[in-house]
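One structure is given here, and the rest of the page talks about it.
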Amino acid sequence: MQHENPDYQLSVETPSVDDYLRLRVISGLSPKGREAAETGLPNTIHAAIIRYQEQAVAMGRIIGDNGCFYQVVDIAVDPEHQGRGLGKMIVENLVDYVQANAPDGAYCSLIADGPAKYLYEKFGFKPVTPKSIGMAFKVTRS
């Protein structure tokens with residue numbers, strides 16, 4: 001998908017640690033630690049970022065085992081650039097990657113926060129409730 005504004009450039013690459021940490025916080029996602037980001041980002045299967053005037057303003061990643069399971073994570077758009085279709089561009093790139101590269105029968109999932117579910121539905125994601133529910137826990141070190 002080519003965006004109508006040439007100032008926005010989509011690039012297939014994993015975000016830098018600094019961009020990752022910044023975009024998560026300013027977009028309202030939970031903050032992550034630098035050490036966790038430095039360890040986790042190199043394990044990305046596929047990622048896309050969008051730059052505006054050389055600065056990363058949106059990102060998204062795919063993580064998983066690169067065979068049976070893929071998870072869409074870290075969809076984040078700088079609030080100053082929201083409402084311009086950037087999230088849609090990112091999700092489209094990630095879904096296109098999975099469709100082109102994952103084996104038949106692979107399971108691609110995500111956790112949708114609030115109204116983001118309407119964006120994800122446009123790409124074929126469907127709620128798994130009531131048959132299944134998302135569950136998680138957060139590691140806390142004292």
| Roughly how far apart are M89 CE and L10 CG, rounded to 0.5 Å? | 5.0 Å
| query | Can you list every pair that meets side chain to side chain donor-acceptor pair (under 3.5 Å) and has a residue in residues 111-136, with sequence neighbours left out? | reply | none
| task | Quick one: pull up OH in Y8 and NE2 in H81 and give me the separation to the nearest 0.5 Å. | result | 4.5 Å
| Judged by atom type as modelled, is there a donor-acceptor pair below 3.5 Å linking the side chain of Q53 to the main-chain atoms of D7? | no
| field | Atom pair CD (Q9) and CD1 (I50), whose distance is rounded to the nearest 0.5 Å | value | 9.5 Å
| said: With a 4.5 Å cut-off on side-chain heavy-atom distances among I, L, V, M, F, W and Y, is there a chain of contacts connecting L41 to V12? | reply: no
Going by atom type alone, with no hydrogens or angles, which donor-acceptor pairs under 3.5 Å involve a side-chain atom of residues 102-109 and a protein atom two or more places apart or on another chain?
none

| note | So salt bridge (Lys or Arg N to Asp or Glu O under 4.0 Å) across residues 8-35, not counting sequence neighbours, yields E13-R51, D18-R34, D19-R22, R24-D74
| query | Are D78 and Y52 close enough, and set up right, to give a side-chain contact (heavy atoms from CB on, under 4.5 Å), and what steps lead you there? | reply | CA-CA 10 Å; D78 181 327; Y52 176 78; over 6 Å; no
| said: Show, in sequence, the C-alpha distance, side-chain angles and deciding distance for I45 and Y97, and conclude whether the side-chain contact (heavy atoms from CB on, under 4.5 Å) test is met. | reply: CA-CA 10 Å; I45 292 173; Y97 175 86; 3.7 Å; yes
| request: For the residue pair P42 and T14, establish whether any side-chain heavy-atom pair is separated by less than 4.5 Å. | output: no
| query | Under 4.5 Å between side-chain heavy atoms, hopping through other hydrophobics if needed: is there a path connecting F125 to I62? | reply | yes
| message | Would a single hydrophobic cluster contain both I90 and I111, if residues Ile, Leu, Val, Met, Phe, Trp and Tyr are joined by side-chain heavy-atom contacts under 4.5 Å? | response | no
| request: Give the minimum heavy-atom separation between L21 and A37, together with the two atoms involved. | output: CD2-CB, 3.9 Å
| What residues form a side-chain hydrogen bond (donor to acceptor under 3.5 Å, both in side chains) with N93, not counting sequence neighbours? | H46
| remark: T44 meets the side-chain hydrogen bond (donor to acceptor under 3.5 Å, both in side chains) criterion, sequence neighbours left out, with R61
| request: Enter the distance from D65:CG to Y70:OH here, rounded to the nearest 0.5 Å. | output: 7.0 Å
| field | Linked, directly or transitively: V77 and L110 (ILVMFWY side chains, under 4.5 Å) | value | yes
| query | Roughly how far, to the nearest 0.5 Å, is CD1 of I75 from CG of L86? | reply | 11.5 Å
| Does L29 sit in a hydrophobic cluster with other residues, and if so which ones, taking ILVMFWY side chains as linked at heavy-atom separations under 4.5 Å, directly or through other members? | none
| task | Please check if atom CD in E38 has more than 12 non-hydrogen atoms from other residues, nucleotides or ligands closer than 6.0 Å. | result | yes
| message | For residues I49 and Y20: do they belong to one hydrophobic cluster (side chain heavy atoms under 4.5 Å, members Ile, Leu, Val, Met, Phe, Trp, Tyr)? | response | yes
